[in-house]
*Asks:* 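Starting off with a structure, shown below.
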Amino acid sequence: MRGLRRMGGVLRVRGSAREARGSAWEARGSARDVRGPAREGGGSARKTRGFRVSRLGVLAAVGAVLVGTVLAGASLGLFAPGGPEAPPGGVRAGGAGVPEGLAGPAARAAAGVEAGAGASPRDLAALIADREAWLRGHPDDHLSWAVLGTAYAERGARAGAPAAYPAAERALRRSLEARPAAEGNTAAVLGMGELALARGDFAAVRRWAEEARRRQPGAWRAEALLVDAHRGLGDDAAAGKALERLRKLRPTGAAALARVVELYRDRGWREDAAAVAHDAVARARTPAERAAALRRLGDLAWERGYAREALGRYEAALRAVPGDAPALAGRARALAALDRAEEALAVYAAAWKARPLPEYALEAGDLYAALERPAKARERYGAAAVAAERAAAHGVNQALAVGRYEAGHGDPGRAVEVLRAEWRRGHRSADTADALGWALLRAGEAREALPYVRAATERGVRSALFAYHRGEVERALGREGAARRHLEEALRINPHFSPLYAPAARRSLAELGEPSAGPPEG
């Protein structure tokens with residue numbers, strides 16, 4: 001990369017000729033009912049007619065879903081005493097946080113996790129089995145407990161199986177009992193930070209990452225976690241400073257490049273984000289790294305409305321890692337934009353099977369609703385609600401998923417309550433601001449919504465969904481000129497940003513009509 005220049009706490013790329021094609025902003029906000037969003041006016045929200053999952057119904061469904069999603073083996077219970085003879089192995093004294101004696105797939109997985117490159121599901125399973133067997137005979141091996149807990153957390157995140165997280169926490173706490181953080185157990189501290197990240201608890205991520213920095217200055221994984229924590233908390237300046245430190249420690253590592261792309265996207269520097277993403281593809285050392293970098297290029301293309309280019313990027317990512325859930329979801333999004341709806345629905349189903357995240361079900365529900373298939377839409381919205389409740393039961397922060405579901409298909413008042421609590425916790429990202437503003441509008445509080453949707457759109461990220469939400473809030477307040485500008489902006493950024501809300505933006509613009517010749521709004 002040529003011509004790096006400091007700007008706003010991060011290093012900004014200036015010399016690349018490659019142009020970003022946008023960043024995927026998932027249109028996860030939901031319809032007012034399964035037939036599409038009703039028109040809003042005068043700041044009042046109509047009672048939803050769409051699907052509403054009752055609390056008893058959700059809890060009953062959660063039990064059934066949990067039975068079907070328990071991971072294979074005894075890993076969730078941290079395995080029983082006894083079992084097969086432990087393989088040879090041990091702890092590398094003063095090493096980099098990877099036990100000695102590993103070989104084959106287990107060694108690849110441990111090295112991948114330690115390097116921030118991830119591991120294939122097969123290698124990760126081999127690492128987990130290896131450390132489980134070892135720990136049966138060596139229960140005081142703090143490093144192996146830390147490696148095992150971190151591997152559990154990664155497997156849970158990869159599979160969308162939050163039932164793995166309590167087991168991860170137990171393993172990591174066993175590690176800290178065997179050797180506390182004060183005695184140098186940085187591996188477990190970092191593992192706890194990565195588990196908190198998987199659960200979406202950004203304040204906890206920051207605490208664990210700062211503890212790791214105190215215990216081991218120069219730990220690049222701590223800086224990577226701090227970038228993620230500050231982004232989740234909405235502290236862009238602190239995220240930029242952490243990114244600078246990370247790039248000094250690992251200037252060309254996959255973890256650093258990935259976070260550069262994300263932070264540049266947050267700042268609205270789309271060309272720079274695309275240049276770094278291209279660089280990450282070229283530097284990828286494993287299929288997982290290559291797939292992740294290609295996905296980011298797909299996301300960047302998607303947000304600017306280049307659906308065909310995005311589709312090519314996602315398909316390349318799937319060639320690198322077949323069955324990659326985020327790439328499948330991105331491919332479904334692009335197919336829907338290209339009027340290949342039936343293919344898109346099949347790919348959404350594959351993404352859900354690979355990783356049952358609420359946002360995948362919400363997006364599929366919106367597509368069914370746009371196709372006027374209300375029964376299937378209700379089914380997908382219900383699946384999203386169940387997945388969110390299931391994840392929350394295992395300590396995952398589901399405020400955004402619950403808020404978006406309730407605002408669109410349930411109780412907007414509950415959405416406001418959930419998202420206000422998230423805001424008070426200090427989780428003040430652009431996502432949270434946008435979701436809270438939209439929920440307030442749906443609850444009939446357009447005036448109170450305005451500062452939040454403004455905050456989301458003025459942070460830098462170019463999101464069609466954010467611009468649409470701001471335009472609808474302004475329209476409800478009678479600010480027609482501002483509403484027209486932001487609704488037009490949403491469609492300029494990505495004319496296909498949502499199968500429900502892109503058509504709604506066009507309808508709203510038609511209702512607003514041409515601008516008057518009067519003075520500009522104050």
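Residue numbers start at 1 and run along the sequence shown. Everything numeric here is computed off the predicted structure, so don't read it as measured data.
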*Asks:* Would a distance-only check, ignoring hydrogens and angles, find a side-chain to backbone donor-acceptor pair under 3.5 Å from E289 to R285?
*Replies:* yes
*Asks:* Would you say R199's side chain and H394's backbone share a donor-acceptor pair under 3.5 angstrom?
*Replies:*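 The answer is yes, because a donor-acceptor pair under 3.5 Å joins these two groups.
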*Asks:* Could you tell me if the side chain of P322 sits less than 4.5 Å from the side chain of D324, heavy atoms only?
*Replies:*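 No, too far: nothing below the 4.5 Å cut-off.
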*Asks:* So, do H230 and D236 sit near enough that their side-chain heavy atoms are less than 4.5 Å apart?
*Replies:* no
*Asks:* Will you find, in the side chains of R215 and T186, an N or O donor that is under 3.5 Å from an N or O acceptor?
*Replies:*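 No, no side-chain donor-acceptor contact under 3.5 Å.
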*Asks:* Should we say atom CZ of R506 is surrounded by more than 12 heavy atoms from elsewhere, each under 6.0 Å from it?
*Replies:* yes
*Asks:* Could you check whether any side-chain heavy atom of S429 comes within less than 4.5 Å of a side-chain heavy atom of W423, counting everything from C-beta outward?
*Replies:*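 Not touching, per the 4.5 Å side-chain cut-off.
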*Asks:* Is any side-chain heavy atom of R295 closer than 4.5 Å to one of R313?
*Replies:* no
*Asks:* Mark yes or no for whether R442, through its side chain, and P412, through its backbone, hold a donor-acceptor pair below 3.5 Å.
*Replies:*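 Not a single qualifying donor-acceptor pair exists.
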*Asks:* Is there a salt bridge (charged side-chain N to carboxylate O under 4.0 Å, His left out) between R492 and E489? Walk through the geometry before answering.
*Replies:* CA-CA 5 Å; R492 279 197 306 271; E489 181 184 2; 5.3 Å; no
*Asks:* Could you check whether E223 pairs with R213 (Lys NZ or Arg NE/NH1/NH2 to Asp/Glu carboxylate O, under 4.0 Å)?
*Replies:* yes
*Asks:* If only atom types and distance count, is the side chain of N397 paired as donor or acceptor with the main-chain N or O of G200 below 3.5 Å?
*Replies:*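 Present.
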*Asks:* Using 30° and 60° as the class limits, which term best fits the ring planes of Y468 and F497: parallel, tilted or perpendicular?
*Replies:* tilted
*Asks:* Counting only N and O atoms by type, is there a donor-acceptor contact under 3.5 Å from the side chain of R259 to the main-chain atoms of A255?
*Replies:*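 Yes, the answer is positive, given that a donor and an acceptor are paired below the 3.5 Å cut-off.
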*Asks:* Around atom CZ of R459, are there more than 12 heavy atoms from other residues, nucleotides or ligands closer than 6.0 Å?
*Replies:* yes
*Asks:* Is there a side-chain contact between W438 and E472 in this structure, where contact means two heavy atoms from C-beta onward sitting under 4.5 Å apart?
*Replies:*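 The answer is yes; the side chains approach within 4.5 Å.
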*Asks:* Would S508 and R475 count as having a side-chain donor-acceptor pair, cut-off 3.5 Å?
*Replies:* yes
*Asks:* Drop me the distance from D228's CG to E262's CD, to the nearest 0.5 angstrom.
*Replies:* 6.5 Å
*Asks:* Please round to the nearest 0.5 Å and tell me the distance separating atom CZ of R331 and atom OH of Y314.
*Replies:* 12.0 Å
*Asks:* Is there a donor-acceptor contact under 3.5 Å from the side chain of H486 to the main chain of A482?
*Replies:* yes
